[in-house]
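The figures here come from the full heavy-atom set of this structure, side chains too, leaving out hydrogens, waters and symmetry mates. Computed from a predicted structure; not experimentally measured.
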Amino acid sequence: MSTPKQNPMSWKYCGDQLKRWREKAGVTREQLSQAANYDIESVRSMEAGRRKPSLKLLQVADELCDAKGMIVGAADYLAPEKFSSYSQGYTEAEREAIAFHAYSALLIPGLLQTEEYAQELISRTYPPLGDEAVATRVSGRMQRQERLTGSPTVMFGFVINEAAFRAVVGTKSVMKRQIDHLLEVGELRNISIQVLPLDRAAYAALDGPLILLETPEHEQLAYVEGQKTGILYSDPAQVNTLSQRHGMIRMQALSVEESRAFIRKLAEEL
């Protein structure tokens with residue numbers, strides 16, 4: 001038996017606060033539903049957190065209850081999350097990292113994606129996301145990339161499997177611009193991009209992607225992500241194992257110079 005999908009806690013908390021304000025102000029549910037032009041059951045569902053409280057309802061309730069912005073202010077907390085719930089611990093660590101090394105197996109890494117490449121991937125997520133959630137996730141991914149140029153003393157090392165270049169995301173034009181972007185970003189002195197060709201038997205790479213991070217306190221972390229799941233490791237033994245695998249992958253990849261020539265040739269083929 002599958003587990004029923006849970007609505008976000010922010011819906012429940014916001015709905016409960018809406019109900020408390022309404023009752024404190026002596027406003028009935030009927031009055032609120034009429035003023036907001038909603039049926040009573042819709043208002044009941046929003047107050048119970050079964051349905052996302054709408055901005056319109058929050059605005060009307062704020063005025064009726066004379067809440068002076070206390071109710072409508074909850075709208076900011078109802079916006080979709082910029083990142084998937086399982087990756088939020090990782091994104092926080094990434095934001096503070098002083099060193100970053102990653103191996104990507106099937107996709108261009110998020111930190112190197114063009115906006116249209118990211119848009120194509122995120123908008124094709126299954127189950128599908130709403131338009132607002134897609135826009136928020138794409139925006140969040142683009143914001144992450146600010147570290148590449150905003151932190152010139154942080155080293156970013158990427159090893160990308162050739163399969164990621166061969167998998168056409170969107171159209172060939174999208175891929176061409178994506179590959180051109182890699183050539184451009186690769187010119188930054190704090191970024192190295194290497195390609196792992198398909199004809200090299202890098203067995204450690206067959207276990208999938210991984211990311212290694214170093215915190216400002218010089219703690220070593222490792223992150224592994226799969227289908228709708230992600231694990232951030234801090235245990236030294238686990239991190240050491242993944243570090244050894246990454247080291248082997250990196251040794252078998254093309255050099256930075258060879259990789260640049262390889263990527264340029266791929267761009268010419270598109």
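Hydrophobic clustering (ILVMFWY, side-chain heavy atoms < 4.5 Å, transitive): L18 and I40 are in distinct clusters. F262 and L198 fall into different hydrophobic clusters, where Ile, Leu, Val, Met, Phe, Trp and Tyr residues are linked whenever their side-chain heavy atoms come under 4.5 Å apart, directly or through other members. L111 and M155 fall into different hydrophobic clusters, defined by Ile, Leu, Val, Met, Phe, Trp and Tyr side-chain heavy atoms under 4.5 Å apart, directly or through other members. At a threshold of 4.5 Å between side-chain heavy atoms, the hydrophobic network of Ile, Leu, Val, Met, Phe, Trp and Tyr places V256 and I160 in two separate groups. Under a hydrophobic-cluster definition in which Ile, Leu, Val, Met, Phe, Trp and Tyr are linked whenever side-chain heavy atoms come within less than 4.5 Å, directly or via other members, L32 and M70 are assigned to the same cluster.
Ion pair R51/E41 not flagged as a salt bridge, since none of the NZ, NE, NH1 or NH2 atoms sits closer than 4.0 Å to an Asp/Glu carboxylate oxygen. R200 has no carboxylate O lying under 4.0 Å from a charged side-chain N of E162, or vice versa, which leaves the two without a salt bridge. Residues R264 and E268 are not paired through a salt bridge, judged by the lack of any N-O separation under 4.0 Å between the basic side chain and the carboxylate. No salt bridge links E269 with K172; every basic N to acidic carboxylate O contact stays at or beyond 4.0 Å. Using a 4.0 Å cut-off between a side-chain N of Lys or Arg and a carboxylate O of Asp or Glu, R141 and E115 do not qualify as a salt bridge.
Nearest heavy-atom pair across A36 and L57 is CB-CD1, 3.8 Å. Taking all atoms of both residues into account, the shortest heavy-atom contact from P216 to I98 is CA-CG2, 3.9 Å. The shortest heavy-atom contact between Y103 and A205 is OH-CB, 3.3 Å. Among all heavy-atom pairs drawn from R189 and P152, the shortest one is NH2-CB, 4.0 Å. Heavy atoms only, all atoms of each residue included: P209 and S104 are closest at CB-CA, 4.3 Å. For A99 against V154, the heavy-atom pair with the smallest separation is N-CG1, 4.0 Å.
In E63, the CD atom is not crowded: 12 or fewer heavy atoms of neighbouring residues, nucleotides or ligands sit closer than 6.0 Å. Surrounding CG of L106 are at most 12 heavy atoms belonging to other residues, nucleotides or ligands under 6.0 Å away.
With contacts defined as side-chain heavy-atom distances shorter than 4.5 Å, the pair E94/R147 does not qualify. Residues R29 and R22 are in side-chain contact: their nearest non-hydrogen atoms beyond the backbone lie under 4.5 Å apart. No side-chain heavy atom of L221 sits under 4.5 Å from any side-chain heavy atom of Y233. Side-chain contact between S192 and H101 is absent, with no heavy-atom pair separated by less than 4.5 Å. By the 4.5 Å heavy-atom criterion applied to side chains, Y117 and L107 are counted as neighbours. Under the 4.5 Å side-chain criterion, counting only non-hydrogen atoms from C-beta, E225 is not in contact with T229. In this structure, the side chains of K56 and N37 come closer than 4.5 Å at one or more pairs of heavy atoms. Between Q17 and C14, the closest side-chain pair of non-hydrogen atoms is not below 4.5 Å.
A donor-acceptor pair under 3.5 Å links the side-chain atoms of T125 to the main chain of I122, judged by distance alone. Counting only distance, with no hydrogens or angles, the side chain of S151 and the backbone of T153 share no donor-acceptor pair below 3.5 Å. For D39 (side chain) and S42 (main-chain N/O), a donor-acceptor pair under 3.5 Å exists by modelled atom type. Panel note: side chain Q194, backbone L254; a donor-acceptor pair is recorded below 3.5 Å. Between the side chain of D62 and the backbone N or O of I71 there is at least one donor-acceptor pair closer than 3.5 Å. Side-chain atoms of Q119 never come within 3.5 Å of backbone atoms of E116 as a donor-acceptor pair (strictly under, hydrogens ignored). At distances below 3.5 Å, at least one donor-acceptor pair connects side-chain atoms of Q178 with backbone N or O atoms of L112. At distances below 3.5 Å, not a single donor-acceptor pair connects side-chain atoms of E214 with backbone N or O atoms of Q220. Using modelled atom types, one side-chain atom of N190 and one backbone atom of L148 make a donor-acceptor pair closer than 3.5 Å. Of the possible polar contacts, one joining the Q113 side chain to the I108 backbone as a donor-acceptor pair under 3.5 Å is found.
There is no side-chain donor-acceptor pair under 3.5 Å between Y90 and E92. Counting only N and O atoms by type, the side chains of S54 and Y38 include a donor and acceptor under 3.5 Å apart.
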Would K176 and D180 count as a side chain to side chain contact (heavy atoms under 4.5 Å, CB included) if you check the C-alpha gap in whole Å, the side-chain angles of each, and the deciding distance to 0.1 Å? CA-CA 6 Å; K176 175 66 165 59; D180 287 342; 2.8 Å; yes
I would like to know whether R250 and R245 meet side chain to side chain contact (heavy atoms under 4.5 Å, CB included); could you show each step before the answer? CA-CA 9 Å; R250 192 172 183 181; R245 292 183 182 180; over 6 Å; no
Residues R260, V195; criterion side chain to side chain contact (heavy atoms under 4.5 Å, CB included); working and verdict: CA-CA 8 Å; R260 186 167 184 80; V195 176; over 6 Å; no
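With sequence neighbours excluded, the residues satisfying side chain to side chain donor-acceptor pair (under 3.5 Å) with Q244 are N240. In this structure, the ring pair (Phe, Tyr, Trp, His ring centres under 6.0 Å) partners of F158, at least two apart in sequence or on a different chain, are F100. Residues satisfying the side chain to side chain donor-acceptor pair (under 3.5 Å) criterion with D16, sequence neighbours excluded, are R20.
The line from CG of L183 to CG of L266 is 9.5 Å long, rounded to the nearest 0.5 Å. Here the straight-line distance linking atom OG1 of T91 with atom CD of E96 works out to 11.0 Å at 0.5 Å rounding. Between the NE2 atom of H246 and the OG atom of S243 there is a distance of 8.5 Å, given to the nearest 0.5 Å. With rounding to the nearest 0.5 Å, the separation of CD in E120 from OG1 in T114 is 10.0 Å.
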